[in-house]
Number of protein chains: 2
Amino acid sequence: MQIGDLSKRTGISIRMLRYYEEEGLLTPARRASGYRDYGKAEERIARRIRLLSEAGLKLDTIRFLLPCVLSDRPDFEPCPEVLATLRREVTGLDDKIDCLQSSRAILTGYLDRLG
Amino acid sequence: MQIGDLSKRTGISIRMLRYYEEEGLLTPARRASGYRDYGKAEERIARRIRLLSEAGLKLDTIRFLLPCVLSDRPDFEPCPEVLATLRREVTGLDDKIDCLQSSRAILTGYLDRLG
DNA sequence: CTTGACCCTCACATTGCTGTCAGACTGTAG
DNA sequence: CTACAGTCTGACAGCAATGTGAGGGTCAAG
């Protein structure tokens with residue numbers, strides 16, 4: 001699959017797909033022509049990267065956690081630092097979810113009182 | 001209250017408090033000396049701005065919604081555009097909350113299977 | 001063989017914050 | 001009066017993500 005196809009399927013801009021590669025997150029095969037060639041696996045990775053990225057994880061962090069993030073079951077014991085990062089990010093997400101819910105409450109609160 | 005005090009109380013950097021003012025979100029009184037003078041009302045506004053800002057709303061949007069966001073009860077009917085923005089931001093937050101929860105599930109999923 | 005749609009790399013620009021530093025003033029405590 | 005901490009403005013810097021454009025190759029259809 002060419003980059004444009006993957007872009008359309010995932011909604012991730014071509015620019016960002018190349019950027020993910022530049023950052024070492026997603027490394028598609030190359031054709032003889034130099035064209036990137038993405039498969040199903042890469043598509044899954046791309047979607048996952050975008051999900052985490054939209055959740056506010058930095059690409060650095062995602063790169064660091066990618067092995068865990070991709071495996072469905074732990075086939076290896078991650079090093080303590082990865083583990084710590086994992087936990088840190090989870091509590092970070094919890095905080096952020098709280099924050100979003102409070103913000104949501106403020107906005108809907110106003111809307112509700114209106115109707 | 002001086003800017004440094006407010007900064008300590010809210011955890012918002014002095015830089016950002018001044019930036020909020022520059023962006024027209026928070027306009028404290030001024031002493032004769034030129035020093036900013038924040039009261040309880042401004043503290044509440046500052047906290048609210050930061051909450052929404054951390055939730056991912058842009059300062060532009062916050063400025064636009066600020067009247068609604070500050071009032072506890074609607075004392076006026078906001079114009080349709082404000083209403084639309086309000087609704088748009090709520091669904092945006094909903095999407096984001098979903099996204100964060102999925103991301104959280106990915107991370108905790110791995111951690112859980114580990115223990 | 002040409003054309004049009006894709007793709008490549010490289011590099012610069014922009015957005016939205018956020019930090020930091022310089023040079024100058026304020027305010028208080030000794 | 002001095003010293004020190006706090007504040008003021010303004011400007012420049014950095015970051016992470018993203019857009020955009022130039023200059024040039026690839027490839028399938030006609």
Side-chain angles (χ1 to χ4, degrees), chain A residues 1-39 42-43 45-66 85 89 92 96 99 103, chain B residues 1-39 42-43 45-66 85 89 92 95-96 99-100 103:
Chain A
M1 176 176 18
Q2 297 194 160
I3 197 169
D5 303 327
L6 182 58
S7 173
K8 273 164 204 148
R9 290 170 64 93
T10 60
I12 306 171
S13 73
I14 291 179
R15 176 69 174 88
M16 288 314 292
L17 289 171
R18 294 204 264 243
Y19 184 58
Y20 291 164
E21 180 171 0
E22 201 177 318
E23 293 294 302
L25 298 184
L26 183 58
T27 314
R30 295 292 186 124
R31 303 215 177 128
S33 60
Y35 281 24
R36 275 164 260 252
D37 196 1
Y38 299 89
E42 282 78 27
E43 178 171 344
I45 299 176
R47 289 185 192 279
R48 193 140 280 200
I49 293 171
R50 196 195 40 172
L51 182 68
L52 294 169
S53 167
E54 282 181 349
L57 276 74
K58 303 198 171 163
L59 293 192
D60 278 0
T61 310
I62 299 176
R63 182 186 332 106
F64 190 51
L65 297 181
L66 211 50
T85 305
E89 293 299 329
K96 207 154 188 179
C99 170
S103 296
Chain B
M1 172 174 26
Q2 297 195 159
I3 196 169
D5 304 326
L6 181 59
S7 173
K8 273 163 203 147
R9 290 169 65 92
T10 60
I12 305 172
S13 74
I14 292 179
R15 175 71 174 87
M16 288 314 292
L17 288 171
R18 294 205 263 242
Y19 184 59
Y20 291 165
E21 180 171 359
E22 201 178 318
E23 293 294 305
L25 297 184
L26 182 57
T27 313
R30 295 293 186 123
R31 301 209 179 133
S33 61
Y35 281 24
R36 274 163 261 250
D37 195 2
Y38 298 89
E42 280 78 26
E43 177 171 348
I45 299 177
R47 289 185 194 280
R48 194 141 278 200
I49 293 171
R50 194 194 41 173
L51 181 68
L52 294 169
S53 166
E54 281 180 351
L57 275 74
K58 304 198 171 160
L59 294 192
D60 278 359
T61 309
I62 299 176
R63 183 188 330 108
F64 189 52
L65 298 182
L66 210 49
T85 305
E89 292 300 329
D95 291 351
K96 207 154 188 177
C99 171
L100 293 214
S103 295

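Proteins come first, then strands; the chains are lettered A, B, ... in the order of their sequence lines, and each starts at number 1.
Closest non-hydrogen pair, Ile12(A) versus Ala46(A), comes out as CD1-O, 3.6 Å.
Using a 4.0 Å heavy-atom distance criterion, Ser13(A) is classed as a sugar-phosphate-only contact. When heavy atoms are screened at a 4.0 angstrom cut-off, Arg30(B) is found touching the sugar-phosphate backbone but no base atom.
Side chains of Arg30(B) and Arg36(B) form a contact here, defined as non-hydrogen atoms less than 4.5 Å apart. For the pair Arg18(B) and Glu22(B), the minimum side-chain heavy-atom distance is 4.5 Å or more.
For the pair Ile12(A) CD1 and dT18(D) C1', the interatomic distance rounds to 13 Å; values are reported in whole Å. As a whole-Å value, the separation of Leu17(B) CG from dT9(D) P is 13 Å. The CZ-C1' distance, from Arg31(B) to dT7(D), rounds to 10 Å in whole Å. dC17(C) atom P lies 9 Å from atom OH of Tyr20(B), rounded to whole Å. When the P atom of dG6(D) is taken as reference, atom CE of Met1(B) falls 16 Å away, rounded to whole Å. If you take CE of Met16(A) and P of dT18(D), they are 4 Å apart, rounded to a whole angstrom. Atoms CD1 (Ile14(B)) and P (dG19(C)) sit 11 Å apart, rounded to a whole Å. Rounded to whole Å, the distance from NZ on Lys8(A) to P on dC7(C) is 7 Å.
Contact between the side-chain N/O atoms of Arg36(A) and the OP1/OP2 oxygens of dC8(C) is found at a separation under 4.0 Å. OP1 and OP2 of dC25(C) both lie 4.0 Å or more from every side-chain N or O belonging to Ser33(B). Within the 4.0 Å cut-off from OP1 or OP2 of dC6(C), not a single side-chain nitrogen or oxygen of Gln2(A) is found. Within the 4.0 Å cut-off from OP1 or OP2 of dC17(C), not a single side-chain nitrogen or oxygen of Arg15(B) is found. Listed pair Tyr19(B) / dC17(C) fails the phosphate criterion, with no side-chain N or O lying under 4.0 Å from OP1 or OP2.
A salt bridge links Glu43(A) and Arg47(A); the closest N-O separation between the charged side-chain nitrogens and carboxylate oxygens is under 4.0 Å.
DNA chain D is contacted by both Tyr35(A) and Lys58(A); Lys58(A) maps to the nucleotide lying nearer its 5′ end (nearest heavy atom per residue). Checking Ala32(B) against Leu57(B), the closest nucleotide of DNA chain C that is more toward the 5' end is the one next to Leu57(B).
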Applying side-chain contact (heavy atoms from CB on, under 4.5 Å), run through Lys8(A) and Met1(A) and close with a yes or a no.
CA-CA 11 Å; Lys8(A) 273 164 204 148; Met1(A) 176 176 18; over 6 Å; no
